[in-house]
Amino acid sequence: MLVIAGLVFLGYLFYSTLQQDRFHYQVCVDFRGRQQCGSAAGKTPEDAIRAAQEIACTMLANGRDQNMVCLGTPPSSVQLLDKK
């Protein structure tokens with residue numbers, strides 16, 4: 001019985017891991033005269049786009065304040081790379 005419960009738990013972990021990265025996007029951001037693109041995957045398009053924008057803004061911004069402003073800037077481009 002314990003072995004079956006362990007297999008069910010491992011199956012659930014495997015399934016939930018696959019479901020977390022259904023959408024893969026590339027997002028480009030123009031900020032203070034520079035452009036940077038980042039790509040990320042997420043469970044929903046919104047999650048993937050936000051994560052990709054965070055990656056791009058991390059490369060563009062100097063410090064937390066600039067990063068917050070960058071994250072509030074609409075992306076210059078959003079491209080779906082893969083959908084699983």
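A search for side chain to side chain contact (heavy atoms under 4.5 Å, CB included) contacts involving Cys37 returns Gln26, Cys28, not counting sequence neighbours. The side chain to side chain contact (heavy atoms under 4.5 Å, CB included) test applied to Thr73 returns Phe31, not counting sequence neighbours.
With a 4.5 Å cut-off on side-chain heavy atoms, Val27 and Ser39 do not count as touching.
Taking every heavy atom of both residues into account, Arg50 and Leu71 meet most closely at NH1-O, 3.6 Å. Here the closest non-hydrogen pair linking Ala52 and Gly38 is CB-O, 3.4 Å. Between Lys43 and Arg22, the closest heavy-atom pair is O-CB, 4.1 Å. Shortest non-hydrogen contact noted between Ala48 and Gly42 is CB-N, 3.5 Å. Scanning both residues, Pro75 and Gln53, for their nearest heavy atoms gives CG-OE1, 3.9 Å.
Both Val78 and Leu80 are assigned to one and the same hydrophobic cluster, defined by single-linkage of ILVMFWY side chains at heavy-atom distances under 4.5 Å.
How far CD of Gln35 is from OG of Ser77: 6.0 Å, rounded to the nearest 0.5 Å. The CG atom of Leu81 sits 13.0 Å away from atom CZ of Phe23, with the distance rounded to the nearest 0.5 Å.
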Donor-acceptor pairs under 3.5 Å, side chain of residues 55-63 to any protein atom, not counting sequence neighbours: which ones?
residue	atom	partner	partner atom	Å
Thr58	OG1	Glu54	O	2.7

